[in-house]
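Throughout, a chain's letter reflects where its sequence line sits, starting with A, and its residues are numbered from 1. Just the heavy atoms: all of them, side chains too, but no hydrogens, waters or symmetry mates, feed the values below.
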Amino acid sequence: MPNVLETLKERGFVENTTHDQELQDYLNKDVVTCYIGFDPTASSLHIGSLVPIMSLAHIQRHGHRPIALVGGGTGMVGDPSGKTEARQLLTPEIIEANANGIKKQLSQFIQFKDDRAILLNNADWLNDLRYIPFLRDIGRHFSVNRMIKAESYKMRLDSEEGLNFIEFNYMLLQAYDFLNLFDTQDCHLQMGGSDQWGNIVAGIELIRRVHHKTAFGITFPLITTSSGEKMGKTAKGAIWLDPTRTTPYEYYQFWVNTDDKDVEKFLALFTFLPMEEIRKIGELQAAELNYAKSVLAYETTRLAHGDKQATEALRAAASVFGAKKRIQGILSSSTFPDDASSELSVDAVPSTMIESNKLNEGIPAFKLFTQVGLAKSGGAARRLIEQGGAYLNDVRVEQFDKIISLDDFISSEIILRAGKKRYHKISAK
RNA sequence: GGUGGGGUUCCCGAGUGGUCAAAGGGAACAGACUGUAAAUCUGUCGGCGACGCCUUCGGAGGUUCAAAUCCUCCCCCCACCA
C-alpha cells in the first residue's frame, strides 16, 4: 500500500507540509497517530468539514490511528484565524451538545471501535487549566513579536474590529493541545485547514522547545468551487451532514449539481474511488459527465448517510429527473446500482401531508407553494407562478390563484415543482 | 474621559425634507438556450388575494401638511488623543 502522504497528495488534500521528507518517513511506520480539531460551533458539521474528515478516513484506511479532537475547550475561546470578525461565544451547554452531534457524524466516516480511532474533547484538559502555571510553563515559550506576525492574526490586526485578547490566546491553547496529545497519545502529526498553519506550527515549536522532538503538520488547501465560493456555503445555507437539516435527497442533489469543472476534483476528495478511474473524467462530455456527477452524488451520499439512503435519494432523483443508466468503463468501482431505473420512487423527495378536508375545499396555488416552502412568501409564490416557474404534476400553473384540490391528485399524491429543480410531494391525510 | 467619523432593505453601497419600498453592483429567484453544467440574454427581487393598503433606513421621542433625510436623548462601531 502506498504511503498515506502520497495518497493524500495525489487526491488533492495537501497544501503544505512541514519537514516533507521526515514526515514521509514517519508515515512509513506501521501505526502512527494523527489528529485534527473540529470546532463545536454548530450541532452538525457541514460539507466544509469533509476534507478533514476524509483525510482522517484515509489515514485510518492506511492502518493508522486518527484522533478527532472536538474543541470543547478552545470553542470557549474562539479561533480568530481567517475570520474577519469575532465569533459569538457559546455557552458550555451548547458546546457540549454540539460535540455530541459531531461525534455521531464522524462515526459515519471513521471507525471508532476497538480504539482504531479516538475521539477526544480538549475541554477535558483545558477547562481546568490554571492561569499562572499555564503562563509560566507554556506562555513563556511564545514570542508576542512572532505571534503578531502570524497570518492567522494578521487579518484581524489589520481590520477595524481588531483582535480581542481572549482570541489572541487561541494559538497557545491549540499548541498546548498538540503538546498534550504528543505526550498522552504519542501523536506527532496534526492536520488542518490552510488557515490553521500558524496554530499547527505553534504546536510543533512548542513540542520542540519542551521536548526537543520533532512533530509534523499538514495543511489542506481551501476547497473552493470553480465559481470561487467556499465549499459548503451556498446561498440557501450550509449543506449539513445531519440528515434532519439537509436530507439525503438534498445532499444528493447538491452533489449532482456540481459544476463540470469540479467533478474530477470532488471525486478525488470526497469519494474513495480509485484515482485511475477518476483521472479519466476529464475527457468526458455531456451525458457521460452527467453520469459521473450521479456517481459522485451517490458515493458521497453513501458515505454520509449509508447505502440505503443513497439509493433512495438516487431513485427519487431518477423519478423526477430521469434515470441514469450505468455506463460501462466509467468509475466502474462504484457500487452505483444497476437497477436504479427499475424501482423509481419519489419517497425521498421532500414532502408534506395536508388534511384532506382542507384539500376538499381547495387551496389557491400560491398559498400552497408558500405553505410547503417552495416560495418564501405569498408574493414570491405569485411571482414564481406569473413568471411561469410553477408546475403541478408537471403542468405549468397558469394562474396564481388556481385552486388545487383533491381532484388534482393522482394516486393520492401530487408533485409540485418550482423552477427546474425543486420538487415537493404532497399527500392527503 | 475628549475630539472627529459612522450605523440604510441578504451583502456592499448611494441617498442630507416631498418625485423613496429607497440609485448602482453583487448574491438570489424565474424564463429562454442546455446536460439537473457553465456562459449569455430577459424579467423579478419588503409584506399583503395586491393598479391599492401596510411595515422598513441603530433605538426612543420631537418639529413638519410631509422625515432615511432636521432636532433631543440613548445604544453600538471606528479613528485619533488621554
Self-check item: Position toward the 5' end of RNA chain B (nearest nucleotide), A/L384 or A/F321
Solution: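 Looking at RNA chain B, the more 5' nearest nucleotide goes with A/L384.
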
Worksheet item: When the nearest nucleotide of RNA chain B is assigned to A/N257 and to A/R383 on a heavy-atom basis, which residue is associated with the more 5' position?
Response: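 Result of the comparison: A/N257.
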
Between the side chains of [X] and [Y], is a donor N or O closer than 3.5 angstrom to an acceptor N or O?
X      : Y      : value
A/E6   : A/N3   : no
A/S427 : A/E413 : no
A/N121 : A/K103 : no
A/T74  : A/N122 : yes
A/Q190 : A/Q196 : no
A/Q105 : A/S44  : yes

Which one is paired to [N], where only Watson-Crick or G-U wobble pairs with both distances under 3.5 angstrom count?
N     : value
B/C51 : none
B/U9  : none
B/U56 : none
B/C80 : B/G2
B/G43 : B/C29

Give me the distance, rounded to whole Å, that separates [N] from [M] when you measure between the [atom1] atoms they each carry.
N     : M     : atom1 : answer
B/G35 : B/C45 : P     : 31 Å
B/G59 : B/U8  : P     : 10 Å
B/A23 : B/A30 : C1'   : 24 Å
B/G17 : B/C65 : C1'   : 12 Å
B/U9  : B/C57 : P     : 9 Å
B/A37 : B/U69 : C1'   : 47 Å
B/G52 : B/U19 : P     : 15 Å
B/C10 : B/A28 : C1'   : 9 Å

I need the [atom1]-[atom2] distance between [X] and [N], as an integer number of Å.
X      : N     : atom1 : atom2 : answer
A/R382 : B/C51 : CZ    : C1'   : 12 Å
A/Q371 : B/C48 : CD    : C1'   : 17 Å
A/F400 : B/U44 : CZ    : P     : 18 Å
A/H424 : B/U36 : NE2   : C1'   : 19 Å
A/D259 : B/G35 : CG    : C1'   : 12 Å
A/K261 : B/A37 : NZ    : C1'   : 9 Å
A/L289 : B/A38 : CG    : P     : 12 Å
A/I281 : B/A37 : CD1   : P     : 18 Å

For A/T18 and A/W197: C-alpha separation, side-chain torsions, deciding distance, then whether side chain to side chain contact (heavy atoms under 4.5 Å, CB included) applies.
CA-CA 10 Å; A/T18 62; A/W197 181 257; 3.5 Å; yes

Q: For A/K376, report the nucleic acid contact type (base, sugar-phosphate, nothing); a contact means any heavy atom under 4.0 Å.
A: nothing

Looking at A/K421, does any N or O in its side chain come under 4.0 Å of the phosphate oxygens OP1/OP2 on B/G35? no

Strictly below 4.0 Å: does A/T258 bring a side-chain N or O up to OP1 or OP2 of B/A37? no

Short N-O contact, A/D259 and A/K293, less than 4.0 angstrom: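 Between A/K293 and A/D259 there is no salt bridge, as every charged N stays at least 4.0 Å from the carboxylate O atoms.
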
Quiz item: Donor-acceptor pair under 3.5 Å: do we get one between A/E386's side chain and the base of B/U44?
Solution: no

Side-chain atoms of A/R422 come closest, of B/U36, B/A38, B/A30, to B/A30

Look for any protein N or O under 3.5 Å of an N or O in nucleotides 31-33 of chain B and output each such pair with its distance, or none.
residue : atom : partner : partner atom : Å
B/C33   : N4   : A/K420  : NZ           : 3.4

Using the ring of A/F400 (Phe, Tyr or Trp, six-membered ring only), decide whether A/R382 places NZ or CZ under 6.0 Å from its centre and within 45 degrees of its axis.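 Yes, cation above the ring, under 6.0 Å and within 45°.
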
